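Structure record follows, encoded as structure tokens.
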Amino acid sequence: MRKWNKKSKHAFLLFAFLVFIILILIVSNMIRLMNREEERYNVAQGSYFYNNENQLIHLNNSSGEITKHWTGTYYLIDNEENKYNLGNTSVVYDPTDYKIYVFGNNYQVYQDTTIEKHTKMTEIVRNVGASFYKLEDRKYLVVAPTIIDENQTESFDSFLLVELDKNGNATLLNHEVQKRTLHAMTIVTNEYKFDIANEKLYWGESEIDLKKVGGSSNEYKEVVKEEIKEPTVTPTPVPTPTPNIPQIDISDFPDNNSSGGSNNQVQNTQDKLIKFTRLKEVNPSITYIDVSYQVFDPKNEYVAVYLTITSANSEEEEKKIQINKEESSYRILGLSKNQEYTITLSYSTIDPLSSASIETVQDTVKVKTQEPKMNLKVSKISSNQITYVFNQDSNYQLDHAEVQLYVDGVLKDTQIVDLNQALTTAGFVSSFAHDGLGQEFEIRLANASYNGEIVDLSLYAKYMNR
């Protein structure tokens with residue numbers, strides 16, 4: 001038998017002591033978590049909220065409960081036991097309530113530049129005065145009776161969630177709007193202005209740098225337009241009147257149908273104009289994405305302008321579409337639900353030396369299509385019968401769908417859905433008969449197809465027979 005020397009004994013004792021300390025820390029942490037006050041909040045039927053993937057959820061036929069996981073993530077479970085991940089912060093809006101509810105840590109920014117930290121649930125009165133909150137890095141909440149953009153082309157009701165990517169592009173969300181902007185935007189309320197891309201809040205005489213509130217990973221750099229210098233005019237022996245050529249803002253499009261003015265003036269003006277193309281907005285739906293863009297090509301230097309659409313799903317083929325330079329919007333069709341796509345705007349020009357075609361990428365953005373709004377719920381239960389209701393989304397009309405009854409995990413019956421009835425407000429209503437035996441009853445949407453292809457909608461409802 002091997003004998004331990006003195007050094008080995010000391011090493012073993014040190015190792016055992018370290019293991020003992022680690023076990024004490026683990027047990028004490030578990031006890032602390034178990035003794036911590038649990039956060040539980042009721043959510044009223046009819047409320048709206050976004051999950052952690054910015055998908056709008058409407059509790060149309062059910063109420064719910066929000067709980068906080070020990071990791072800090074909030075979850076909402078409705079009466080049909082559907083579970084939604086809300087992330088570390090979430091906003092719940094009930095149209096019948098005069099308050100908006102924020103869950104998770106957030107910072108309220110006041111006009112005098114003071115900052116107040118809120119935890120757990122924050123109640124915000126939405127129809128009196130304006131207030132402003134930083135929820136997370138590059139995520140903000142605007143609350144005011146009047147919310148518009150600085151150009152007064154869009155308005156938003158009651159509140160607006162604003163989430164930036166690292167390039168300063170913003171996703172705008174509330175119960176009515178889900179859109180992504182690809183240009184600098186300023187939000188204006190009755191009390192303050194919010195420069196989104198630069199993360200600056202202007203409240204009265206105060207300018208508040210929101211990047212200093214908890215930090216920011218925003219990498220946006222404001223582009224400063226270079227002033228176009230007037231060409232030098234060489235004096236002539238006989239002075240002639242020089243046309244007064246105004247400064248041209250390259251963000252404005254000229255009127256190609258305008259008349260009047262000398263040919264020289266038009267030519268001089270065109271020489272000063274710089275071609276450009278850019279993405280403005282990307283608005284996703286379920287199976288399509290609306291793209292808003294601008295192309296300014298006064299000398300017809302662009303051979304073609306393209307949109308390239310690449311799916312995160314490697315099984316989907318990349319699409320490249322030539323778009324009209326004279327138009328300003330395009331709808332990309334034939335996309336998959338709940339799928340992330342990369343959209344690239346590019347253009348081609350001719351190299352003046354080699355006459356070869358050169359393609360240049362101008363803008364790139366990632367966007368995710370929406371999940372269809374469908375609902376399957378148990379409406380009535382008796383000792384030998386289960387009645388259910390299924391509603392489908394009019395923007396995602398299925399070709400075929402079935403509802404299946406499982407008892408304790410075993411398939412018992414299948415019914416084919418009348419999809420026309422499922423489009424009505426009342427929905428498709430039907431019943432399963434059963435013998436009353438079993439502990440867990442579950443109904444599932446199965447064998448659903450859209451445009452001739454099978455789709456997985458993961459829609460179910462269940463209850464325990466006690």
Side-chain angles (χ1 to χ4, degrees), residues 48-58 73-76 82-91 135-140 161-175 177-183 185 196-197 217-220 278-293 306-321 323 329-346 361-374 393 395-396 398 448-451 453-459:
Y48 293 85
F49 62 92
Y50 278 92
N51 65 11
N52 63 324
E53 295 182 342
N54 284 338
Q55 294 173 340
L56 180 65
I57 312 295
H58 183 204
T73 301
Y74 286 90
Y75 292 90
L76 188 147
N82 297 310
K83 188 175 184 179
Y84 305 96
N85 184 338
L86 308 185
N88 292 329
T89 59
S90 182
V91 176
L135 306 185
E136 299 179 44
D137 178 20
R138 296 181 281 109
K139 187 174 181 180
Y140 297 91
L161 271 170
V162 181
E163 187 165 348
L164 289 78
D165 64 18
K166 290 188 177 181
N167 296 318
N169 302 315
T171 299
L172 308 177
L173 308 167
N174 68 11
H175 59 293
V177 174
Q178 181 180 23
K179 67 186 307 178
R180 184 175 177 83
T181 65
L182 294 165
H183 58 90
M185 175 182 269
I196 297 175
S217 56
N218 187 356
E219 298 173 358
Y220 171 76
R278 65 175 180 175
L279 284 174
K280 290 181 64 182
E281 292 181 355
V282 178
N283 297 319
S285 186
I286 301 171
T287 59
Y288 64 84
I289 296 174
D290 284 331
V291 178
S292 175
Y293 61 92
Y306 302 97
L307 286 175
T308 303
I309 303 94
T310 307
S311 172
N313 181 0
S314 59
E315 296 181 1
E316 287 193 47
E317 293 184 2
E318 182 178 271
K319 299 179 182 180
K320 188 172 184 178
I321 303 164
I323 56 178
S329 63
Y330 187 85
R331 174 168 289 183
I332 305 169
L333 299 171
L335 305 180
S336 301
K337 68 177 181 66
N338 195 29
Q339 181 65 51
E340 184 178 272
Y341 291 91
T342 300
I343 299 176
T344 302
L345 178 69
S346 60
V361 172
Q362 180 63 39
D363 284 321
T364 300
V365 66
K366 290 184 178 181
V367 63
K368 193 172 187 178
T369 51
Q370 299 176 5
E371 188 77 38
K373 299 173 185 176
M374 299 192 179
D393 194 326
N395 294 317
Y396 192 81
L398 300 174
S449 64
Y450 177 80
N451 281 349
E453 296 185 1
I454 298 297
V455 290
D456 181 16
L457 295 172
S458 301
L459 207 58

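Not measured: the values here are computed from a predicted model.
Of the inter-residue distances, the one linking Q339 atom CD with E316 atom CD reads 5.5 Å to the nearest 0.5 angstrom. Separating the NZ atom in K320 from the OH atom in Y306 is a distance of 5.5 Å, to the nearest 0.5 Å. From T287, atom OG1 reaches atom CG of L335 across 7.0 Å, with rounding to the nearest 0.5 Å. Atoms CD1 and CG, from I57 and L76 in turn, are 9.5 Å apart once rounded to the nearest 0.5 Å. E281 contributes atom CD, which lies 5.5 Å from atom OG of S292 (distance to the nearest 0.5 angstrom). Atom CG of residue D363 and atom CD1 of residue I343 lie 11.5 Å apart, to the nearest 0.5 angstrom.
Y50 and Q178 share no donor-acceptor pair across their side chains, judged by distance under 3.5 Å alone. Between the side chains of E318 and T310, at least one donor N or O sits under 3.5 Å from an acceptor N or O.
Under the 3.5 Å distance criterion, the side-chain polar atoms of K319 are matched with a main-chain donor or acceptor of L333. The backbone N or O of K366 lies less than 3.5 Å from no partner atom in the side chain of T342, so there is not a single donor-acceptor pair. The backbone N or O of S217 lies less than 3.5 Å from a partner atom in the side chain of D137, making a donor-acceptor pair. For the pair Y140 (side chain) and L164 (backbone), a donor-acceptor distance under 3.5 Å is absent. Side-chain atoms of D393 come within 3.5 Å of backbone N or O of K373 as a donor-acceptor pair. One N or O on the side chain of N218 and one on the backbone of A197 form a donor-acceptor pair closer than 3.5 Å.
Counting heavy atoms from C-beta outward, D290 and K179 have side chains that stay 4.5 Å or more apart. You'll find the side chain of N395 stays beyond 4.5 Å of the side chain of Q370, heavy atoms only. Between V91 and L173 there is no side-chain heavy-atom pair separated by less than 4.5 Å. At a threshold of 4.5 Å between non-hydrogen side-chain atoms, the residues P372 and L457 count as touching.
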Using the rule given for side-chain contact (heavy atoms from CB on, under 4.5 Å), can you reason through I323 versus L345, listing the C-alpha separation, both sets of side-chain angles and the distance that settles it, and then say yes or no? CA-CA 10 Å; I323 56 178; L345 178 69; 3.9 Å; yes
Evaluate L161 against L135 for side-chain contact (heavy atoms from CB on, under 4.5 Å), listing each step before the verdict. CA-CA 9 Å; L161 271 170; L135 306 185; 3.6 Å; yes
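Salt-bridge formation is not detected for the pair E163/R138: no Lys NZ or Arg NE/NH1/NH2 atom is positioned less than 4.0 Å from an Asp or Glu carboxylate oxygen. For R180 and D165, the salt-bridge test passes: some basic side-chain N is under 4.0 Å from an acidic carboxylate O.
For L307 against I332, the heavy-atom pair with the smallest separation is CD1-CD1, 4.5 Å. In terms of heavy-atom proximity, L398 sits nearest to A448 at CD1-CB, 4.2 Å. Of all heavy-atom pairs spanning S311 and Y341, the tightest one is CB-CE2, 3.5 Å. A pairwise comparison of heavy atoms in T73 and N85 identifies CG2-OD1, 3.2 Å as the closest pair.
Enclosure of atom NZ in K139 by more than 12 non-hydrogen atoms of other residues, nucleotides or ligands within 6.0 angstrom is indicated.
Taking the six-membered ring for Trp, Y396 and Y450 have ring centres closer than 6.0 Å.
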